[in-house]
Amino acid sequence: MKYLNYILSLLILITLFLINMTSTDEILREKWKDFRHEILIKSIKPINPQERIVIRNESNLNNIGVVLETDEYNYIVFDGLHLEKTDKKLTTVEVLLSKTQGYHMGNLQLMDQWLFYTSDGIHRINVETKEKEKLYSDGVMDFYLTEEYIYFIDYKRGLNLFKMGLNGENLQRINTSLILDLSLTDTGFLAVTESENQKQLINIDFDGQSEVMVTPFWGNQLIKLNNDIYYRDNQSYHLVKMNLTTQAKEILVDDLINYFAMDNEDIYYSLREETDEFNDALGIYKLTKEGDILLLDDETLMSTGNLSILGDYIYYESDFKREPFANNIVKKDGSERILIDRCND
């Protein structure tokens, strides 16, 4: 009987696949994707963490999330394909996962012994046993783990906001806005959406209910601190701080910003060239809470996005003329820069 049910499920899956390939009906395509997801999670061994404490770095998640720091270890994705557990001196303790090709990993978030990450969908790996499972298989963009649920944007399903349980169960589309950027808050999310060619900043609660806050809003890389939001203006590429109550804006950096990360009130950022069509970045800078700007590294052509806080250091990937695709850390005061050997496992 068990095998008969399996064969029946397989036949239904094939039928829905053929419908998906030949039909222009969006409803049927969505039903196919939902059914495919249900088949996927049948093979998952459910977890029920006793201590549901999520360890994340919101600022690092704003920049692909390739670095996660805990009290004892660091978890770092090198070159997009190698996930390592290191000690505080960045010595490799264990290679958790190493690939030769495929989708890059990022958005690292930890609960108990399970490290959640994105690649070709949403995955998790046990940092003690290396047991790994795939929880979702479509096009995931922004992704956040909470004590009870997983929230994410699927860029293959209308850039809508989805929600599901920690084991992939109860998948729901909870907001149908076209969401271009998403940032976690205490009560839900701040999101940049687009409707009728108009971009706006909205607030979304954890059930998906939303309200418009600012229209128009030309920004991305959202980081909320107290009642202020920090972001890169998409028209001027300036770094801007805006009060969410008064909507008063302050330009913090009037150069062309590429990416930025925040540690309390200190801001670390990279610059881009005006003619740079690939969005690479030149140099690493620090803007202190007193308004001083320090140059931390001016010899680096950065790869896009991987700018992360790591203890007393800033971690980033770069393209050097003398050594391509290097992993680097620079001390927050600029006094030391270290080139990290690539993972060659």
Side-chain angles (χ1 to χ4, degrees), residues 56-69 74-80 84 86-91 106 108 219-223 225 228 230-233 236-241 250-276 278-343:
R56 73 170 73 84
N57 183 302
E58 175 64 24
S59 181
N60 290 352
L61 290 174
N62 196 42
N63 292 295
I64 305 180
V66 296
V67 170
L68 179 65
E69 183 181 14
N74 301 316
Y75 298 93
I76 304 177
V77 176
F78 292 107
D79 310 318
E84 292 190 15
T86 78
D87 60 21
K88 293 303 179 178
K89 296 181 180 179
L90 298 185
T91 302
L108 304 182
N220 67 351
Q221 301 183 42
L222 312 176
I223 297 180
L225 181 63
D228 296 316
Y230 298 75
Y231 64 93
R232 185 187 72 170
D233 187 281
S236 66
Y237 291 101
H238 293 163
L239 179 60
V240 179
K241 172 184 175 182
E250 178 185 358
I251 298 177
L252 301 178
V253 179
D254 60 2
D255 283 317
L256 302 179
I257 294 293
N258 189 314
Y259 282 86
F260 73 97
M262 293 186 64
D263 183 27
N264 295 320
E265 295 184 47
D266 290 330
I267 300 174
Y268 303 87
Y269 63 92
S270 56
L271 296 180
R272 57 174 289 169
E273 291 186 301
E274 189 170 2
T275 58
D276 177 27
F278 296 105
N279 205 29
D280 283 334
L282 299 174
I284 307 293
Y285 297 81
K286 176 181 180 179
L287 174 65
T288 69
K289 58 185 176 182
E290 293 78 20
D292 299 321
I293 294 179
L294 305 177
L295 175 62
L296 303 184
D297 178 9
D298 65 349
E299 300 181 12
T300 300
L301 175 64
M302 286 183 57
S303 297
T304 302
N306 295 350
L307 178 67
S308 302
I309 306 292
L310 182 58
D312 293 330
Y313 293 86
I314 304 299
Y315 169 86
Y316 53 99
E317 294 179 357
S318 62
D319 296 338
F320 283 104
K321 292 181 181 178
R322 62 182 183 277
E323 189 158 358
F325 304 110
N327 305 289
N328 313 266
I329 56 173
V330 61
K331 213 160 191 180
K332 288 178 178 177
D333 61 4
S335 62
E336 180 184 22
R337 189 182 75 194
I338 302 173
L339 180 66
I340 307 171
D341 290 337
R342 295 182 64 189
C343 176

Tell me, please, which residues at least two apart from [X] pass side-chain hydrogen bond (donor to acceptor under 3.5 Å, both in side chains).
X	value
Y268	none
Y285	none
Q221	none
D333	S335

On a heavy-atom basis, which atom in [X] and which in [Y] lie closest, and how many Å separate them?
X	Y	answer
L307	S270	CD2-N, 4.3 Å
S59	I223	OG-CD1, 3.9 Å
S236	L256	O-CD2, 3.5 Å
I257	Y269	CD1-CD1, 3.4 Å
I309	V67	O-CG1, 3.8 Å

Report the residues that fulfil salt bridge (charged side-chain N to carboxylate O under 4.0 Å, His left out) with [X], sequence neighbours left out, ordered by chain and then residue number.
X	answer
K331	none
E58	none
K332	D263

Partner residues of Y231 under the ring-ring contact (aromatic ring centres under 6.0 Å, His included) criterion, sequence neighbours left out: F217

If you round to the nearest 0.5 Å, how far is [atom2] of [Y] from [atom1] of [X]?
X	Y	atom1	atom2	result
N220	Y259	CG	OH	7.5 Å
L239	R232	CG	CZ	10.5 Å
L108	R56	CG	CZ	12.5 Å
R337	L296	CZ	CG	11.0 Å
L225	I267	CG	CD1	9.0 Å

Answer with yes or no whether the side chains of D297 and Y316 bring together a donor and an acceptor at under 3.5 Å.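 Short answer, yes.
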
Going by side chain to side chain contact (heavy atoms under 4.5 Å, CB included), name the residues that satisfy it together with [X], two or more places apart in sequence or in a different chain.
X	value
D87	K89, T91, V93
N74	E69, I76, T86, K88, L90, L310
K241	D228, Y230, E250, L252

Working note: I251 + D233, criterion side-chain contact (heavy atoms from CB on, under 4.5 Å); need CA distance, chi angles, decisive distance, verdict. CA-CA 10 Å; I251 298 177; D233 187 281; over 6 Å; no

Quick one, N258 and L271 - any side-chain contact, counting heavy atoms below 4.5 Å? no

For the residue pair F260 and V253, establish whether any side-chain heavy-atom pair is separated by less than 4.5 Å. no

Report the C-alpha distance between L68 and N60 in whole Å, list the side-chain angles of each, state the deciding distance to 0.1 Å, and finish with yes or no for side-chain contact (heavy atoms from CB on, under 4.5 Å). CA-CA 8 Å; L68 179 65; N60 290 352; over 6 Å; no

Measure from the side-chain N and O atoms of N264 to the backbone N and O of D266, and report whether any donor-acceptor pair falls under 3.5 Å.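 Such a contact is absent between N264 side chain and D266 backbone.
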
